[in-house]
A.B. asks: 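Encoded as structure tokens, here's the structure I'll be asking about.
Order of listing sets the numbers, starting from 1, for every ligand and every atom in it. Reckoned from all heavy atoms, side chains included, excluding hydrogens, waters and symmetry mates.
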Amino acid sequence: MSDAPLQILIDGEFFPEGEAKVSVFDHGLLYGDGVFEGIRFYNDRVFRLEQHIDRIFDSAKAIHLEIPATREELSEMVISTIRKNDLHDGYVRLIITRGVGGLGLSPYRCEKASIIVIASTISLYPEEKYEKGLILSTCATRRPTHDSLSPAVKSLNYLSNVMAKVEAIASGAEEGVMLNTEGYVAECTGDNIFIVKEGIIYTPTVASGSLYGITRRVVIELALEAGYELKEVQMTRYDLYTADELFLTGTAAEVVPVAEYDKRVIGEGEPGPVTKKLIAAFRELVESTGTPIY
Ligand code: PXG
């Protein structure tokens, strides 16, 4: 990557990062009214682009937001922004805001949604964490339930996740486990959760209050291909404490092992065999598949 400023795409026009700005009357800023995706590209290919585009259209539909582009146009915006910045491995933040409207909650005063694409690089955790494992703790802040704001919507309202992350860091952990209002495990602040117990892989159901994670889906496919039995279940903290292996999945985190949760050492305190195998399979897949950029 060069030192040149990043070029950000806003409503069809590129702006150098210092000049890439949105209106103070954009409802994305005023009310967190909008949706987003975090997408990775590896080795000149965008990983699971179609699934990210499908998910942002689903998120938008759920909040009654019309994206002023087709799926093909949106995909092309992602690819052209990566190309414009001459990037080869990195991260795209695709954001749809409700657009400019007056003060007042009604989204119907916003004439047109805005489409923003940022292509950059990302490194969430150092390589050491993939070899030794993360430290997790339980957050006090619960995942919102489907009867308030569906946790399946990847919206611009991440404040409960941000507060949960603050709680995790305050307790000396690197990531936090969020429970649903019934006390079952939902997911982490920005990742889905998996455990391994006696050779079987388990992950909380999406109805427990998690996002339909794209990395989650990829890992489920890889696990089934590798011949593992995998179950989507309601899960408690007890299940996590007593797991043989525990790992997280997310676009930013990829597949990352957990060594400790609420001071309990997980398994042997280092990444287990199933986790290691899935990390290797995941890395091979991301390097060799995806939508070509150039
Ligand atoms: N749960 C939540 C609440 C998330 O925000 C995931 C699970 C994993 O989903 P995917 O589809 O990515 O496998 C996420 C995704 C960031 C960042 O900047 C966060 C995510 C993705 C990309 C970047 O911290 N969270």
A.B. asks: Answer with yes or no whether Glu37 contacts ligand 1, where contact means a heavy atom under 4.0 Å from a ligand atom.
C.D. replies: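 Per 4.0 Å heavy-atom rule, Glu37 does not contact ligand 1.
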A.B. asks: Verify the contact flag for atom 24 (O) of ligand 1, where contact means a protein heavy atom under 4.0 Å away.
C.D. replies: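 Not a single protein heavy atom is under 4.0 Å away.
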A.B. asks: With no hydrogens and no angle check, just 3.5 Å: does a side-chain donor-acceptor pair link Tyr42 and Ser288?
C.D. replies: no
A.B. asks: Give the numbers and elements of all ligand 1 atoms closer than 4.0 Å to a heavy atom of Asp191.
C.D. replies: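 Here the atoms of ligand 1 in question are 1 (N), 6 (C), 7 (C).
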A.B. asks: Closest non-hydrogen protein atom to atom 22 (C) of ligand 1, residue and atom name please, with distance?
C.D. replies: Tyr91 OH, 3.5 Å
A.B. asks: Starting from atom 5 (O) of ligand 1, which protein heavy atom do you reach first, and at what distance in Å?
C.D. replies: Tyr158 OH, 2.5 Å
A.B. asks: Apply the test salt bridge (charged side-chain N to carboxylate O under 4.0 Å, His left out) to residues Arg216 and Asp191: give CA-CA distance (whole Å), side-chain angles for both, the deciding distance (0.1 Å), then the verdict.
C.D. replies: CA-CA 9 Å; Arg216 174 184 185 273; Asp191 327 278; over 6 Å; no
A.B. asks: Output yes when the distance from some N or O of ligand 1 to some N or O of Arg93 is under 3.5 Å, and no in every other case.
C.D. replies: yes
A.B. asks: Could a heavy atom of Met178 be found less than 4.0 Å from some atom of ligand 1?
C.D. replies: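 No.
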A.B. asks: Salt bridge between Arg83 and Glu76, side-chain N to carboxylate O under 4.0 Å?
C.D. replies: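 Salt bridge flag = yes for Glu76 with Arg83.
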A.B. asks: Would you indicate which of Gly190, Gly250, Gly38, Ala152 comes nearest to atom 6 (C) of ligand 1 when only heavy atoms are counted?
C.D. replies: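 Nearest option to atom 6 (C) of ligand 1, by heavy atoms: Gly190.
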A.B. asks: Can you see whether Tyr202 has Lys231 sitting over its ring - NZ or CZ less than 6.0 Å from the centre and within 45° of the normal?
C.D. replies: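 Here Lys231 fails the 6.0 Å and 45° test against Tyr202.
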A.B. asks: Evaluate His52 for polar contact with ligand 1, using N/O atom pairs at a separation under 3.5 Å.
C.D. replies: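 No; every N/O pair is 3.5 Å or more apart.
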A.B. asks: List for me each residue that meets side-chain hydrogen bond (donor to acceptor under 3.5 Å, both in side chains) alongside Asp11, sequence neighbours excluded, and say none if there are none.
C.D. replies: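 Applying side-chain hydrogen bond (donor to acceptor under 3.5 Å, both in side chains) to Asp11 gives Ser114.
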A.B. asks: Would you say the ring centers of Tyr294 and His88 fall short of 6.0 Å from each other?
C.D. replies: yes
A.B. asks: Ignoring hydrogens and angles, state whether a donor on the side chain of Thr275 or Glu245 is under 3.5 Å from an acceptor on the partner side chain.
C.D. replies: yes
A.B. asks: Show the atoms of ligand 1 that are less than 4.0 angstrom away from any heavy atom in Asn161.
C.D. replies: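 Heavy-atom distances to Asn161 below 4.0 Å select 3 (C).
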A.B. asks: Within 45 degrees of the axis of the six-membered ring of Tyr212 and under 6.0 Å from its centre: does Arg217 put its NZ or CZ there?
C.D. replies: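 Verdict for Tyr212: no cation-pi partner in Arg217.
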A.B. asks: Has ligand 1 got any nitrogen or oxygen that is less than 3.5 angstrom from a nitrogen or oxygen of Arg55?
C.D. replies: yes
A.B. asks: Heavy atoms only, cut-off 4.0 Å: how does Ile214 contact ligand 1, side chain, backbone, both, or neither?
C.D. replies: both
A.B. asks: For Arg217, state whether at least one heavy atom is located under 4.0 Å from any atom of ligand 1.
C.D. replies: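 Outside the 4.0 Å threshold, so no.
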A.B. asks: Given Glu187, Gln51, Arg48, identify the one with the heavy atom nearest to atom 3 (C) of ligand 1.
C.D. replies: Glu187
A.B. asks: Answer yes if the side chains of Thr215 and Glu254 hold a donor-acceptor pair under 3.5 Å, and no otherwise.
C.D. replies: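 Result is no, nothing qualifies.
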A.B. asks: To check your reading of the model: name the closest protein heavy atom to atom 12 (O) of ligand 1, its residue, and the distance in Å.
C.D. replies: Thr251 OG1, 2.5 Å
A.B. asks: Nearest protein heavy atom to atom 13 (O) of ligand 1, by residue and atom, and its distance?
C.D. replies: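 Sorting protein heavy atoms by distance from atom 13 (O) of ligand 1 puts Thr215 OG1, 2.6 Å first.
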A.B. asks: Would you mind running through ligand 1 and noting each atom that sits below 4.0 Å from a heavy atom of Ala252?
C.D. replies: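 Going through ligand 1 atom by atom, the ones under 4.0 Å from Ala252 are 17 (C), 22 (C), 23 (C).
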A.B. asks: Any heavy-atom pair between the side chains of Tyr158 and Thr189 that's under 4.5 Å?
C.D. replies: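 The answer is no, as the side chains (C-beta and beyond) never meet within the 4.5 Å cut-off.
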A.B. asks: Within 45 degrees of the ring normal and closer than 6.0 Å to the centroid, is that where the cationic atom of Arg98 sits relative to Tyr108?
C.D. replies: no
A.B. asks: Where is the nearest protein heavy atom to atom 9 (O) of ligand 1: which residue, which atom, and how far?
C.D. replies: Gly213 CA, 3.5 Å
A.B. asks: Just to check, does Thr189 reach to within less than 4.0 Å of ligand 1 when the distance is taken from its heavy atoms?
C.D. replies: yes
A.B. asks: Can you tell me the protein heavy atom closest to atom 15 (C) of ligand 1 and the distance?
C.D. replies: Lys154 NZ, 3.3 Å
A.B. asks: Give a yes/no verdict on a cation-pi contact between Arg264 and Tyr241, requiring under 6.0 Å between NZ or CZ and the six-membered ring centre and an angle within 45° of the axis.
C.D. replies: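 Yes, Arg264 sits over the ring of Tyr241.
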A.B. asks: With nothing but distance in play, are any N or O atoms of Thr249 less than 3.5 Å from an N or O of ligand 1?
C.D. replies: no
A.B. asks: Should Glu13 and Lys21 count as an ion pair when the cut-off is N to O under 4.0 Å?
C.D. replies: no
